[in-house]
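Note sheet for the following structure.
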Protein chains: 2
Amino acid sequence: MISFDSMKSMLDESYKHVACSSCKSRGHGLFNGISGAELDTLEAQRACNFYKKTQSLFVEGSTPRGVYCVNHGKVKVFKRGEEGKEQIIHIAKAGDLIGFRAMFSGELYKVAAESLEDSNICFIAKEDFLNMIEFNPALRNGIFKELSKELSDRADFITNMAQKSVRERLAFSLLILMDIYGEDPINLSREDLANFVGTATETLIRLLKEFKEDGCLEIEVRKLRVIDKTKLISLAGN
Amino acid sequence: MISFDSMKSMLDESYKHVACSSCKSRGHGLFNGISGAELDTLEAQRACNFYKKTQSLFVEGSTPRGVYCVNHGKVKVFKRGEEGKEQIIHIAKAGDLIGFRAMFSGELYKVAAESLEDSNICFIAKEDFLNMIEFNPALRNGIFKELSKELSDRADFITNMAQKSVRERLAFSLLILMDIYGEDPINLSREDLANFVGTATETLIRLLKEFKEDGCLEIEVRKLRVIDKTKLISLAGN
DNA sequence: AAATAAATATGATTTTCGTCATTTTTTAGC
DNA sequence: GCTAAAAAATGACGAAAATCATATTTATTT
C-alpha cells in the first residue's frame, strides 16, 4: 500500500510535468547556461518521472542510458562493499544531476542510486545529453567544473576517512547534510547515516546521543536538527 | 649535495628535452588523439623541466597556471589533514597528467604535488591547454573520460577506507602500486606508503613484516617486490 | 671515516570502534 | 487496533589499530 503523501504526489500532475525553466538545476546547477531554444529542446527531450521513497534509479553493473536531473527530493549514490554494506558516496538534492560520470567513461555503472524520499526526477537520454554538450561550450565547461568539484570533494572525503575519528566524521557529515537539507531537518535512517559516515550503525547511534547531550543536536525518530553549528564545527576539527 | 644520479640526470640533455611524439602520454594517456599539426603546437608550447626527488610541483592553496605531464618518474598528489599528516590521493607515473582538475574549477589547488623520484615533467600553460581542448573534441572526450575514471576510482577508495581493515587496504594498495611501478620494485618510504594506505607508519611496518613472513613480499630498505600476487589479492578481500 | 640526522623497526599500552546479543520503539500490513 | 516486521537503542566484550617510548639501522653531512 502506498502512503497518502505518495498518492498525492503521484496524482498531482505538477509533480510529473515540471517545466525545465523553473527547475532548480537552472538556478545553481549545470543547466545554468541554457538559453531559450536549447531550453525548449531540453524540455521536449527529457522525461519526467516520479520515484517514491527507496525506489532504485539504477544499480551497480547496469548500462548507463542517460542522466538524471533531480527536480524535487533526495537521492543517495552509493557503492556496495564486499559484505554488501553500502557506502554512500554522495547525496543529491533538487537541481543536481546524477549519473553523468558514466556518460563519458563508456563503462557500466560503478555505483547505484536510490531515492531517499518521494522524488521527482527527470531523465535525459545519453545521445540527447551528449549532443547538447557537443554544441554548448558553456554547458561543457559546467560539466568540467562539476566533475572537478566532485573530484576535489572526494579527495577531502578520503582524507577525512583516513585521518579523522568517527566522531569528527559524523560532525563533518552533519555539516554537509545541513547544506543539502537546508531549512528542513536531516531526514535519514540511522543506517543510511552510518553508511554515509562510514561506521557501524550502533556506533553512530551512540554518537548521536552524545551530540544530543552536548546540546548541538535535536533528535526525533528519523529527523535530526542541528541547533549548535559552531559546536559541530569544532567537533569536526576543521 | 645532490646525488650522482641526480647530477647525471640534470646534465643529460635528453632528460630535459623530450619529444612529445615519444612521450608515454601519447601511448596510454590523454594526448592519444593528438595529430601532426597539434602535436607540433604542443611541442612548441610545453616547457620541459627536471625535478629531483622530493621537489614540489605545486602546493595546496596556490594558483593553478597549467597542467603537468609526467614524462619520466613518479609524482605523489596529496592533501594535508589537520595535524599536517599527508593523505596521498594519487600517484602519477610516466604519461600521466597532473593538475588539470584545477584548470576547470577556477579555484586554488586543493591538493599538493611532489616528485617521489628524479623526474622529467613538462608544463603546459593553462591558456594553451584550454585552447587545445576548445578545438579538439577527441582530447575533450579524453578529459571527460579521465575525470570520470578518477571519480570512479575515488568512490572505490572511499568505500575501501570505510569498510576494509588496514591489512586489506595495504594489500589493495600494493596491487595498485604494482600497476604503477610495473616491472620495477615499489619504491616508497614507509611513511609515504602509510599515507597512501591511510594508517600509522608503525602499523604499516608491522603489516609489511607479516606479508613478508606470509611469503608474498620481498622487502629491501626502500624497495618492495610482490612475489605472490594471488595471495595478495585474497588478502585484499576482493 | 666519524658524527649527526633521518628512517625504520619493535615493544608496551590505551583507545576507539566493531561485533554480537538483547530490548525497546516505531512502522507497516491486515 | 492488533500483529508482525523493521528500525532504533543499549550493554558487554573483544579485536584492531593508534600512540608513545625507545632501539636499531641506514643516509647524509662534515
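Per chain, numbering begins at 1; letters A, B, ... match sequence-line order. Being a predicted model, the structure only gives us computed values, none of them experimental.
The aromatic rings of B:Phe58 and B:Tyr109 sit parallel to each other, their planes meeting at less than 30°, with 60° as the upper class boundary.
B:Arg222 has its CZ atom 9 Å from the P atom of C:dA7, to the nearest Å. Atom C1' of nucleotide C:dA7 and atom NZ of B:Lys223 are separated by 15 Å, given to the nearest angstrom. Remark: C1' of C:dT8 and CD of B:Glu220 are 15 Å apart, rounded to the nearest angstrom. One can place CG of B:Leu208 at 8 Å from P of C:dA9, the figure rounded to the nearest angstrom. Per the geometry, CG belonging to A:Asp192 stands 14 Å off C1' belonging to D:dA8, to the nearest Å. We find that CG of A:Leu207 is positioned 7 Å from P of C:dC17, with the value rounded to whole Å. Going from atom NZ of A:Lys52 over to atom P of C:dT27 covers 18 Å, rounded to whole Å. The distance between atom CG of A:Leu170 and atom P of C:dC17, rounded to the nearest whole Å, is 11 Å.
Across B:Cys23 and B:Cys69, no two heavy atoms sit closer than the pair SG-SG, 4.1 Å. Closest of all the heavy-atom pairs between B:Ile89 and B:Phe157 is O-CE1, 3.7 Å.
Contact annotation for B:Ser189: backbone-only contact, meaning every heavy-atom pair under 4.0 Å involves sugar-phosphate atoms and none involves a base. Nucleic acid contact class of A:Thr201 (heavy atoms, under 4.0 Å, all strands): none.
The base of D:dC20 is paired with the side chain of B:Glu202 by a donor and an acceptor separated by under 3.5 Å.
If you check the side chains of B:Lys85 and B:Asn195, you find a donor sitting under 3.5 Å from an acceptor. Between the side chains of B:Asn160 and B:Arg169, no donor-acceptor pair is found at a separation under 3.5 Å.
For the helix from C:dA1-D:dT30 to C:dC30-D:dG1, the rotation axes defined at the first and last 5 base pairs enclose an angle of 60°, given to the nearest 10°.
For the pair A:Arg167 and C:dT16, the criterion of a side-chain N or O lying under 4.0 Å from OP1 or OP2 is not met. OP1 and OP2 of C:dA9 both lie 4.0 Å or more from every side-chain N or O belonging to B:Lys209.
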field: Test side-chain contact (heavy atoms from CB on, under 4.5 Å) applied to A:Ile227 and A:Leu217, step by step
entry: CA-CA 5 Å; A:Ile227 50 181; A:Leu217 210 59; 5.6 Å; no
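From A:Lys212, atom NZ reaches atom CD of A:Glu218 across 9.0 Å, with rounding to the nearest 0.5 Å.
When each of A:Thr203 and B:Val221 is assigned the nucleotide of DNA chain C bearing its nearest heavy atom, the one mapping closer to the 5' terminus is B:Val221.
Of the listed nucleotides (C:dC17, D:dT10, D:dT19), D:dT19 has the atom at the smallest distance from the side chain of B:Ala200. With C:dT19, D:dA8, D:dA17 as the choices, the nucleotide that has an atom nearest any side-chain atom of A:Arg206 turns out to be C:dT19.
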